[in-house]
Protein chains: 2
Amino acid sequence: MSYRLPPLNSLRAFEASARHLSFKRASDELCVTPGAVSQQVKSLEASLGVQLFRRLPRGLLLTAKGESYLPLISNAFRAISDATEHVAPTLKGRLLRVGISRPLSGRRHPAIERLRRGGDWPRTKLTTTDDLSKLIDGKLDVLLRTSPQSPPGLHADRIALPVPSGAALPATLVTLPGLAGCREVRALLRLLTRA
Amino acid sequence: MSYRLPPLNSLRAFEASARHLSFKRASDELCVTPGAVSQQVKSLEASLGVQLFRRLPRGLLLTAKGESYLPLISNAFRAISDATEHVAPTLKGRLLRVGISRPLSGRRHPAIERLRRGGDWPRTKLTTTDDLSKLIDGKLDVLLRTSPQSPPGLHADRIALPVPSGAALPATLVTLPGLAGCREVRALLRLLTRA
DNA sequence: CGTGTTGACTTAGATTTTCTAAGCCATGAA
DNA sequence: TTCATGGCTTAGAAAATCTAAGTCAACACG
């Protein structure tokens, strides 16, 4: 028993692009540049030997084959997503508990101000702290700090936090492994890095 | 709409390992070393924050979570596999038409002799030729040659062809893009590289 | 009509991921 | 005991992937 699986990362790029009918919007969802998505999709088409999109000067159209491929692949991804949520559940609707180290919470950062105001998804509960042990003990879901230290066993995302001047401040978002990469954290990352 | 997808290549390593209950056998199926599979699975477990296997000194056991994850993931992969076969059909049961360039077909190579005798899967039809245009025209499915040239637009796998002395001869298997990576070709690659 | 914006594309080079190779260790068979 | 098996780890090599920068065609607007 063995499957015929195309390159799965390319498949993911296809699925997002087809759903949005845009490499640009797909690239936002996948947190990469449009060029990367374009390359991935091209390599998928090459490996299948099948044209999936018609490229228009401004935007995309699915070919007949692409059209029939999309729902099947989306269903499979949904199944994987559900299964994953089932064996490794994440927030289950509660607030995302975000720790923010003092130096970041003190100064006014547009992104953090926005969080503080609330209203965005994911809903968050902010605390000023830099205590990794709270993360480990499950009192906190993620911790935003300036120190680039990535303690072993935890997941760390390095991000560039915009400051009012237009520049950016390097920071690190530390996450418990079971939460890293989940939708809520991905959305938070996007919120934080947006100007 | 967005999914929670773990690293998909790691997921593939998990699925194969769980099905075989062995990194070793999974690595044969995936055509990589056992170490690579071990690493992939470990990184999946880390990213989910969940233990999927119990490692015994000789062999694997699924944990309860692994056990419940496996069938869901297998189904999703089967769905992707079926969908892929549907939009980009490959052989549909007919013989795999293999071209072999004269220098390789002349000398006696254990792997090629085995092919010639037949009996293995995939069933093949061998022809002595080195004519790439036959590939392009669809008269041939794959072409095995000594020249490492990889003509643009075709897929090429570099392989090491065992010779009776125990050494190996570098060769190239050229494939139409739509066929590259399909089960039949993967099996052929395995046959050819086996001593 | 220019001019600006958008969103596709390509390419080189950097970065990150993934794989291999080699060695280690515990088990069980000969 | 000695060997084979099949896990594990690690460094470094190899491959895949991403970014950055620049191109081009379509469209909207003044």
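Convention: sequence-line order gives letters A, B, ...; per-chain numbering from 1.
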Just to verify, what does Lys24(A) make a salt bridge (Lys or Arg N to Asp or Glu O under 4.0 Å) with, not counting sequence neighbours?
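Salt bridge (Lys or Arg N to Asp or Glu O under 4.0 Å) list for Lys24(A), sorted by chain: Asp28(A).
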
Please answer whether the main-chain N or O of Pro34(B) pairs with a side-chain N or O of Ser38(B) as donor and acceptor at a distance below 3.5 Å.
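No: the side chain of Ser38(B) does not pair with the backbone of Pro34(B).
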
Is Thr63(B) reaching over with its side chain to a backbone N or O of Leu52(B), donor-acceptor style, under 3.5 angstrom?
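At least one qualifying donor-acceptor pair exists.
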
Do the side-chain N or O atoms of [X] get closer than 4.0 angstrom to the phosphate oxygens (OP1, OP2) of [N]?
| X | N | value |
| --- | --- | --- |
| Gln39(B) | dC8(D) | no |
| Arg58(A) | dA25(D) | no |
| Ser22(B) | dG6(D) | no |

Does anyone know the first and last nucleotide of DNA chain C in reach of chain A, 5' to 3', at under 4.0 angstrom to a heavy atom?
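Listed 5' to 3', the contact boundaries are dT5(C) to dA12(C).
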
Within the 4.5 Å heavy-atom criterion, are Val98(B) and Lys125(B) side-chain neighbours or not?
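Counting from C-beta outward, Val98(B) and Lys125(B) never come under 4.5 Å.
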
Asn9(A) or Leu60(A), whichever maps to the more 5' nucleotide of DNA chain C:
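Nearer the 5' end of the strand: Leu60(A).
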
For Gly35(A) and Pro7(B), take the nucleotide of DNA chain C holding the closest heavy atom to each; which residue's nucleotide lies nearer the 5' end?
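Closest to the 5' end, via its nearest nucleotide, is Gly35(A).
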
Among dA26(D), dG7(D), dT17(D), which nucleotide sits nearest the side chain of Pro57(A)?
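Side chain of Pro57(A) sits closest to dA26(D).
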
Can you tell me the distance, in whole Å, between the CG atom of Leu44(A) and the P atom of dT17(D)?
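Interatomic distance, CG of Leu44(A) to P of dT17(D): 11 Å.
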
Would you mind checking if Glu15(B) and Arg19(B) are paired as a salt bridge, meaning a charged N to carboxylate O distance below 4.0 Å?
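Salt bridge present between Arg19(B) and Glu15(B).
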
